[in-house]
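Just so we're clear, the structure is a prediction, and the values are computed from it rather than from any experiment.
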Amino acid sequence: MPNSSSSDKASNDRALRFYQDVLGLERLHYGLWDGGDELTMEGLKKAQQRYEDLLISSVPEGSERVLDVGCGTGEMCRNLRASGFQIEGLSPDRNQKRAFAQKLNAPFHHTKFEEFEPEEGRYDCIIMSESAQYIPMERLFATARKGLRPEGHLMVCDYFVTDRDAGILSKSGHDHDEFLRQAAAADFAIVERRDITAETARTLDMGKLLADRILLGVDIMTERFRTRNKLCYAVLKWMLRKKIAKAQNQLPLLDSTRFCEAKRYEFFLFKALRPAASATSEPTEEKLGAA
Ligand SMILES: C[S@@+](CC[C@H](N)C(=O)[O-])C[C@H]1O[C@@H](n2cnc3c(N)ncnc32)[C@H](O)[C@@H]1O
């Protein structure tokens, strides 16, 4: 059983509600920036669209039934369906369940992927756009294998930890090498991969810009209170000291240079090998594919 706090977080993710309800973002993933994009909300939306286009255009030919795991607000599902796929969404988050239902009339599985019981061989392609990091690796590959038809595809686009000693930066994302090791052990072969760390990292520069603006706004709005109620302000600051320290400790998460040093954002397209094929394949070369 998941502990109640992680379960509650997955079922009502406030950070994601902030992106959607406060920032007006329909897509909850990083953007794929190019040199010409401006560091603005419009630039971010354009970069996110480019990221989504990469995923949709990479769904292998011949795929019909597609499952979007951790489907966020259902935006990519809507566009996958417009491209002709039979789409299903999955998310443990109740706000996303509602958003999905408002956007499209399609099957939605309200559960964590690791607790999902898919019909055997139902899907041609399973997509995990920045959701793999939340799913325990062993369950991720076992459940995907069950849900995919033989030689079906698993698409994973996410960031992974490459430096395990980078403090708070090492805490989110699966370990890169261990993820590939477990993929190979579960008989998934890499058929395509692309390192997009540099193109996605700019999303953090945008995040930092937004955070600085929000802090400036709070500073301006509280200026009068702070100067007129010095004692009260000092007490309040003391009471909130743990929250303030926590927020300060999280600032490195918005540092794009440190992100590039400690993490790798990578696109993977895996193929579920048939058991007979996997038995004859070379365990490392064949299953891990070319770097
Ligand atoms: C960063 S958002 C990405 C959303 C969407 N895929 C996108 O690219 O915009 C992470 C998504 O993973 C979902 N998620 C979190 N834990 C999950 C789990 N255990 N199983 C499946 N999805 C999960 C969240 O609810 C959310 O939809």
Side-chain angles (χ1 to χ4, degrees), residues 2-31 33 37-45 47-48 70 72-73 91-96 98-99 130-131 133-134 158-174 197 200-263 265:
N3 67 47
S4 60
S5 60
S6 74
S7 171
D8 182 54
K9 187 181 181 308
S11 66
N12 182 18
D13 195 322
R14 289 179 184 82
L16 299 183
R17 279 168 62 203
F18 178 78
Y19 296 141
Q20 197 186 7
D21 299 342
V22 180
L23 301 181
L25 293 172
E26 281 304 318
R27 299 181 172 88
L28 308 174
H29 50 76
Y30 280 47
W33 299 75
D37 294 332
E38 285 182 11
L39 208 55
T40 59
M41 285 306 283
E42 278 320 299
L44 171 60
K45 287 181 185 171
Q48 286 184 317
T73 68
S91 172
D93 186 292
R94 59 174 182 262
N95 303 300
Q96 292 169 26
R98 197 177 336 112
E130 239 174 76
S131 57
Q133 59 181 277
Y134 301 102
D158 214 330
Y159 54 79
F160 298 88
V161 175
T162 49
D163 179 357
R164 292 172 209 180
D165 301 317
I168 192 167
L169 280 144
S170 312
K171 292 204 169 122
S172 55
H174 287 308
T197 315
T200 50
R202 232 175 142 212
T203 312
L204 295 174
D205 297 333
M206 186 65 214
K208 174 89 173 55
L209 195 78
L210 283 171
D212 287 346
R213 283 202 191 144
I214 290 169
L215 287 178
L216 179 64
V218 171
D219 198 54
I220 293 169
M221 298 300 284
T222 58
E223 193 176 55
R224 186 187 288 192
F225 172 81
R226 284 184 283 122
T227 45
R228 289 191 180 174
N229 306 279
K230 285 204 168 80
L231 181 62
C232 194
Y233 172 62
V235 172
L236 204 62
K237 211 169 147 191
W238 182 82
M239 284 167 70
L240 293 174
R241 67 195 184 288
K242 285 193 184 148
K243 282 196 187 303
I244 293 170
K246 193 174 167 202
Q248 276 166 348
N249 289 341
Q250 291 195 336
L251 283 179
L253 292 175
L254 291 177
D255 184 330
S256 58
T257 306
R258 290 190 65 185
F259 177 85
C260 293
E261 288 163 359
K263 298 199 179 199
Y265 204 125

Check the surroundings of atom CZ in Arg226: do more than 12 heavy atoms from other residues, nucleotides or ligands lie under 6.0 Å from it?
yes

To check you understand the geometry: which heavy-atom pair defines the closest contact between Asp205 and Ser256, and what is its length?
OD1-OG, 2.7 Å

Side chains of Ser172 and Lys263: any donor to acceptor distance under 3.5 Å?
yes

Contact summary for Asp158 and Gln133, nearest pair of heavy atoms
OD1-NE2, 2.7 Å

Rounded to the nearest 0.5 Å, what separation is found between the CG atom of Leu204 and the OH atom of Tyr30?
4.0 Å

Distance col, row Cys260:SG vs Asp163:CG, nearest 0.5 angstrom, shows 13.0 Å

What is the distance from atom OG1 of Thr73 to atom CG of Asn95, rounded to the nearest 0.5 Å?
11.5 Å

Any idea which heavy atoms bring Leu210 and Met41 closest together, and the distance?
CD1-SD, 3.9 Å

Using the side-chain contact (heavy atoms from CB on, under 4.5 Å) rule, take Leu236 and Asn229 through it: C-alpha gap first, then chi angles, then the decisive distance, then the call.
CA-CA 10 Å; Leu236 204 62; Asn229 306 279; over 6 Å; no

What closest approach, in Å, do Leu28 and Gln96 show between heavy atoms, and which atom pair accounts for it?
CD1-NE2, 4.2 Å

One should read off an interatomic distance between Lys171 NZ and Leu253 CG, to the nearest 0.5 angstrom, of 9.5 Å

Near Arg241 CZ, under 6.0 Å, is it more than 12 heavy atoms from other residues, nucleotides or ligands?
yes

Closest heavy-atom pair, Arg258 versus Ala166, reported as atoms and distance to 0.1 Å, is NH2-O, 4.2 Å

Any donor-acceptor N/O pair, Arg202 side chain to Ala47 backbone, under 3.5 Å
no

On a heavy-atom basis, the closest approach of Gln48 and Arg27 is NE2-O, 3.0 Å

Find the distance between CG (Asp212) and CG (Leu254) and round it off to the nearest 0.5 Å.
8.5 Å

Check the pair Glu261 / Leu169 against side-chain contact (heavy atoms from CB on, under 4.5 Å), numbers first and verdict last.
CA-CA 10 Å; Glu261 288 163 359; Leu169 280 144; over 6 Å; no

Is there a donor-acceptor contact under 3.5 Å from the side chain of Thr162 to the main chain of Ala262?
yes

Parallel under 30°, tilted from 30 to 60°, perpendicular over 60°: which one fits the rings of Tyr265 and Tyr159?
perpendicular

Quick check: does any side chain N or O of Thr200 sit under 3.5 Å from a backbone N or O of Gly31, one acting as donor and the other as acceptor?
no

